[in-house]
Q: 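Before I ask anything, here is the structure I am working with.
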Protein chains: 2
Amino acid sequence: MDQVEIFKALSNKTRLQILAWLKEPELNFPGQLEHTNFQDGVCVGQIQQKSGLTQSTVSEYLALLQRAGLVESKRKGQWTYYKRNEAAFEKLSQLILSNV
Amino acid sequence: MDQVEIFKALSNKTRLQILAWLKEPELNFPGQLEHTNFQDGVCVGQIQQKSGLTQSTVSEYLALLQRAGLVESKRKGQWTYYKRNEAAFEKLSQLILSNV
DNA sequence: TTGGTATATCGGAAAATTCCGATATATCTT
DNA sequence: AAGATATATCGGAATTTTCCGATATACCAA
């Protein structure tokens, strides 16, 4: 758990927004077919549309969030689904009280 | 409470280190005379010595931490004492669970 | 195999951050 | 007032981050 890497990942308005959206996928990504059940999260294209940034930027942002451990991804066919890693946020919350 | 500003302030190893040192001033800054009682925190020079960075850099880092609300300062004569704003860390810890 | 769709990676211009040395300001002492 | 000490601010070189367009890769469908 690299603290600086995590805080850098959180130091961007769009990335914070993506993380917030991923808290309620059903609400924030109605465009994604429900049969996916949002079990594995939301695919890159949905997030890209909503963010208004380019595909490459969003893909890189998600990879960056994943390297920091804040999200997890799962490839399914041609789609990559991303979802929050809630345990990481709980750890981070604790860490701020105990270590920072 | 500007989230991005806070996370940016925390995205630096030296600044995290300074915040950690300020948790136990008596232990980490024995050079500072005890009559100050560390009531108002630690002065810039002590932090500068310990960090190994230049005076200007440390002064700017402390100002940056203050703008983010993570530390408070008190001028006393020619010294400026900095101490942690513990309430800010508690808020941040909560915020990570509820908003991020 | 060919073309279409979803995502990842590359190369780079512009903006922000890091950290420095020089200098300015504030306060204390004599 | 003059010099010493503590801190703040300024200007800038080097590095990192932001975000893009172009291109590569992976998978699917006909």
Side-chain angles (χ1 to χ4, degrees), chain A residues 2-19 22 25 29 31-33 35-36 38 40-68 70-83, chain B residues 2-19 22 25 29 31-33 35-36 38 40-68 70-83:
Chain A
D2 182 337
Q3 297 184 35
V4 172
E5 187 176 21
I6 293 174
F7 290 131
K8 279 186 179 177
L10 296 173
S11 296
N12 177 284
K13 205 143 207 169
T14 302
R15 290 194 296 267
L16 286 179
Q17 181 67 81
I18 290 172
L19 290 171
L22 290 179
F29 302 97
Q32 180 161 303
L33 292 182
H35 77 272
T36 65
F38 297 101
D40 300 310
V42 181
C43 68
V44 182
Q46 292 289 318
I47 300 169
Q48 188 256 310
Q49 270 184 252
K50 185 133 182 158
S51 74
L53 296 183
T54 64
Q55 187 272 322
S56 65
T57 296
V58 172
S59 176
E60 274 162 1
Y61 278 7
L62 290 168
L64 186 156
L65 288 169
Q66 184 171 33
R67 283 195 299 278
L70 298 171
V71 301
E72 298 167 333
S73 73
K74 183 165 204 167
R75 183 92 190 193
K76 270 202 171 176
Q78 41 194 337
W79 292 276
T80 309
Y81 294 91
Y82 284 91
K83 67 175 175 186
Chain B
D2 182 336
Q3 297 184 34
V4 171
E5 186 176 23
I6 292 174
F7 290 130
K8 281 187 178 177
L10 295 172
S11 296
N12 177 283
K13 206 144 206 169
T14 302
R15 289 194 296 267
L16 286 179
Q17 181 67 80
I18 290 172
L19 290 171
L22 290 179
F29 302 96
Q32 180 160 304
L33 293 182
H35 78 272
T36 65
F38 297 101
D40 300 309
V42 180
C43 67
V44 181
Q46 291 290 317
I47 300 170
Q48 187 257 312
Q49 269 183 253
K50 185 134 184 158
S51 74
L53 295 182
T54 64
Q55 186 272 321
S56 65
T57 297
V58 173
S59 176
E60 273 163 3
Y61 278 8
L62 290 168
L64 186 156
L65 288 170
Q66 185 171 33
R67 282 194 300 276
L70 298 170
V71 301
E72 297 168 334
S73 74
K74 182 163 202 170
R75 184 92 190 194
K76 269 203 170 175
Q78 42 194 335
W79 292 276
T80 308
Y81 294 92
Y82 283 91
K83 68 174 174 185

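A, B, ... follow the sequence lines: proteins, then strands. Residue 1 opens every chain. Hydrogens, waters and symmetry mates play no part in the numbers below; they use all other heavy atoms, side chains included.
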Q: Report the distance from atom CD of B:E60 to atom CD of B:Q55, rounding to the nearest 0.5 Å.
A: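 Here the interatomic distance stands at 9.0 Å.
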
Q: If you compare all heavy atoms of B:N12 against all heavy atoms of B:T14, which two are closest, and at what distance to 0.1 Å?
A: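 Taking every non-hydrogen atom into account, OD1-N, 2.9 Å.
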
Q: Contact class for B:T80 (heavy atom, under 4.0 Å): base, sugar-phosphate, or nothing?
A: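 Sugar-phosphate contact only - B:T80 comes under 4.0 Å of backbone atoms but never of a base.
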
Q: To check you understand the geometry: which heavy-atom pair defines the closest contact between B:I18 and B:L62, and what is its length?
A: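 Residues B:I18 and B:L62, closest heavy atoms: CG2-CD2, 4.1 Å.
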
Q: To the nearest 0.5 Å, tell me how far B:I47 CD1 sits from B:L22 CG.
A: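 These two atoms lie 5.0 Å from each other.
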
Q: Go through the structure and list residues passing side-chain contact (heavy atoms from CB on, under 4.5 Å) with B:T80, not counting sequence neighbours.
A: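 Applying side-chain contact (heavy atoms from CB on, under 4.5 Å) to B:T80 gives B:V44, B:S73, B:R75, B:Y82.
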
Q: What string of B, S and - do you get for nucleotides 25-30 of chain D, 5' to 3', if B is base contact, S is sugar-phosphate-only contact and - is no contact with any protein heavy atom under 4.0 Å?
A: --BS--

Q: For B:K50, what residues pass the salt bridge (Lys or Arg N to Asp or Glu O under 4.0 Å) criterion, not counting sequence neighbours?
A: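 Residues passing salt bridge (Lys or Arg N to Asp or Glu O under 4.0 Å) with B:K50: none at all.
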
Q: Looking at every non-hydrogen atom in both residues, tell me the closest pair between B:P25 and B:V42 and how far apart they are.
A: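 Taking every non-hydrogen atom into account, CB-CG2, 3.8 Å.
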
Q: On DNA chain C, which is the earliest and which the latest nucleotide, 5' to 3', with an atom closer than 4.0 Å to a heavy atom of chain A?
A: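 Taking any atom under 4.0 Å from a heavy atom of chain A, the span is C:dG4 to C:dC10.
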
Q: Show the distances under 3.5 angstrom between N or O atoms of the protein and N or O atoms of nucleotides 16-19 of chain D.
A:
| from | atom 1 | to | atom 2 | distance (Å) |
| --- | --- | --- | --- | --- |
| D:dT17 | OP1 | A:K8 | NZ | 2.7 |
| D:dT18 | OP1 | A:R15 | NH2 | 3.2 |
| D:dT18 | OP2 | A:R15 | NH1 | 3.3 |
| D:dT18 | OP2 | A:R15 | NH2 | 3.3 |
| D:dC19 | OP2 | A:N12 | ND2 | 3.2 |
| D:dC19 | OP2 | A:Y61 | OH | 2.1 |

Q: Ignoring hydrogens, what is the shortest heavy-atom contact between A:G41 and A:K83? Give both atom names and the distance.
A: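 The answer is CA-CB, 3.8 Å.
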
Q: Nearest heavy-atom pair of B:R15 and B:A9: which atoms, and what distance?
A: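 That closest heavy-atom pairing would be NE-O, 2.8 Å.
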
Q: Can you list the residues that meet the side-chain contact (heavy atoms from CB on, under 4.5 Å) rule with A:Q49, with sequence neighbours excluded?
A: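 Scan of A:Q49 (side-chain contact (heavy atoms from CB on, under 4.5 Å), adjacent residues dropped) gives A:Q46.
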
